[in-house]
Amino acid sequence: MIKYLKMMRVQHYVKNVLIFFPCFFAGEMGNSVLLKKNLYAFITFSFATSIIYIINDIQDKERDKLHPIKKMRPIASGQISVKKAIAAVIILFFSMSVLVAIVKMDITAIGCCFLYIFINLLYSFGGKNIPVFDVALLGAGYLLRVLFGGYVSNIQVSSWLFLTVMCISFYLGLGKRYGELKKQGGEYRKDEHIEATRQVLTKYTLSYLEGQMYLCLGLGIVFYSLWAIERLVALTYTVPLVIIICMKYNLLFINTDGDPVNTMYSSKSMMLLLGVYTVLITGILYL
């Protein structure tokens with residue numbers, strides 16, 4: 001059972017918390033009807049993300065075998081056969097469809113969910129090999145989570161919040177590439193091992209990725225500040241804490257492969273900062 005959960009990458013479901021953002025920031029988390037819808041939406045989207053992870057692992061099976069970390073994944077290591085993995089995809093897709101029917105989701109919400117699947121299939125089957133386009137596809141996944149949550153809750157996503165998530169999404173995607181490239185030491189050179197494990201890394205340099213990362217991060221903080229001022233003036237007091245969290249993240253991911261979930265889980269102090277931010281913003285919005 002554990003190997004199947006590992007294949008589904010349930011630890012990455014934390015990204016789907018973005019679905020709750022529109023409801024949370026609108027001050028509607030006390031609405032039991034909306035909360036229930038959001039919980040169903042969270043499970044639905046989690047199944048969708050697992051479908052993509054499994055398909056991607058099937059597609060990258062041979063490449064992952066050459067990667068020092070990814071070779072331990074259930075499909076690449078042979079713990080789970082391709083046939084069983086495909087069967088899991090079918091079961092997850094059926095379960096996702098049942099949940100969509102139970103919740104009676106709006107057509108736009110359903111469209112967001114299936115657009116996420118389409119974009120990630122595009123990524124898996126070639127998009128990840130095109131520089132910049134690969135990062136845009138990765139970033140789109142975070143944006144669609146927020147929009148999906150907005151459509152499920154029937155809450156319009158603020159323009160400033162949309163731009164904040166967009167910029168931070170690009171920052172995280174660029175950071176992932178930066179971490180992967182630095183881990184394999186591939187700047188400014190053609191390396192057969194790097195090309196075999198992640199072809200697009202041969203198109204990037206650390207200096208380029210670093211510059212674009214901090215451009216997106218800076219814009220993200222500016223847009224967050226503008227959202228805070230527009231939403232509630234008291235929220236501007238969370239801006240310094242957000243900057244500190246970003247600084248801490250920048251320090252942490254230098255020694256990781258750039259994966260945002262692994263980076264976040266790697267430090268208790270990072271988890272503490274996120275907890276303080278959550279308590280602070282909850283207090284401002286709901287007390």
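In this chain, numbering begins with 1 at the start of the sequence shown. Just so you know, these numbers come straight off a predicted model, no measurement behind them.
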ask   = Do the non-hydrogen side-chain atoms of S50 and M7 ever get within less than 4.5 Å of each other?
value = no
query = Is it true that the side chains of K15 and T49 contain a donor and an acceptor less than 3.5 Å apart?
reply = no
key: Over all atoms of both residues, closest heavy-atom pair of L35 and M29   = CD1-CE, 3.7 Å
ask   = Got a sec, which hydrophobics cluster with L34, joining ILVMFWY side chains under 4.5 Å apart, including via others?
value = I155
request  = Return the minimal non-hydrogen interatomic distance between C113 and A48, and the atom names on each side.
outcome  = SG-CB, 4.1 Å
request  = Answer whether the closest heavy-atom distance between the side chains of D259 and E180 falls below 4.5 Å.
outcome  = no
ask   = Does any non-hydrogen side-chain atom of F170 lie less than 4.5 Å from one of L138?
value = no
remark   = Note: L92 and I51 closest approach over all heavy atoms is CB-CG1, 3.7 Å
request  = Return the minimal non-hydrogen interatomic distance between V132 and Y204, and the atom names on each side.
outcome  = N-OH, 2.6 Å
inquiry  = Any non-hydrogen side-chain atom of E210 less than 4.5 Å from a side-chain atom of T205?
reply    = no
ask   = Tell me, do L235 and L285 make a side-chain contact under 4.5 Å, heavy atoms counted?
value = yes
message = How close do Y116 and I52 get, counting heavy atoms only, and between which atoms?
response = CE2-CG1, 4.0 Å
